[in-house]
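Notes follow the structure.
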Amino acid sequence: MCILKCMRYFDAHLHIVPDKVLMQAHENGVGTFICNAAKQKEWQDVLDVSKRVLGVWTCLGIHPWYINEATSDWRIQLEALLIENPLTMIGEIGLDKKRPFFEEQKRFFKEQLKLAQKLKRSVHIHCVGAWSEMIQILSQYPDVKVLFHRFNGDEFVVQKLRFFNSFFSVMEKKYIPVIPDYRLLVESDAPDGPIGGPDKIPALVQALELNPDYLNQNLRLFLDDR
Ligand SMILES: [Zn+2]
């Protein structure tokens, strides 16, 4: 197997997948994975994956689809785990207008942004149909570095989001022209993303006609200075 140093590719956003899927991606030259929890009961599993497999960065958070599964002390538990794991980021969090309890979603989102600001952690964001609320809320947390995963906004949204410390991760070519080069990342969103597992990232980068070296520079920019 290749050593991590010679691995040219990364997956900026995925969820828990079997270890063997990550190993397979290693063999294809993917050396870095940012593994997100969607719900509270996945937090420990995400941390455990990073102890078993090289190159796994971790994000803990509560996705807007799963806020109703959170325990009453979720925020205290999340803060404790983040303090215990100083490199861990916050994700996947966000807003989804197509799902119920939008006001409650906003409350969870803001609580997690507050933690991100306090503990100086980056956040991985899911946003569907709620760009104006997203921009309005993020403007209250200007220091937080954000990654919009599976970015689906237009050039007007990007113009506004450029004022924040934003990165944009994509799988589709149509969004690339509106994103500043140095803010662009790629992802698989495995196991439910359309490209399949993280082992498909090199083929994706090629299909999108992107240069893996500048993508790596962007990733370093995103992961550094936290
Ligand atoms: Zn995701």
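For ligands, and for the atoms within them, numbers begin at 1 and follow the listed sequence. These figures come from a predicted structure and were not determined experimentally.
- Classification of Glu111 and Arg107 as a salt-bridged pair fails, no side-chain N sitting under 4.0 Å from a carboxylate O.
- Taking the six-membered ring where tryptophan is involved, the planes of His149 and His126 are tilted, since the angle between them lies from 30° to 60°.
- Nearest N/O/S atom of Asp189 with respect to the Zn ion (ligand 1) is recorded as OD1.
- The Zn ion (ligand 1) lies at 2.8 Å or more from every N, O or S atom belonging to His63.
- Of the charged side-chain nitrogens involved, none lies within less than 4.0 Å of a carboxylate oxygen, so that Glu42 and Lys39 do not count as a salt-bridged pair.
- Considering just the N/O/S atoms of Glu92, the one nearest the Zn ion (ligand 1) carries the name OE1.
- For His13, the N, O or S atom with the smallest separation from the Zn ion (ligand 1) is NE2.
- In plain terms, the two heavy atoms of Pro64 and Gln105 that are nearest each other are CB-OE1, 3.5 Å.
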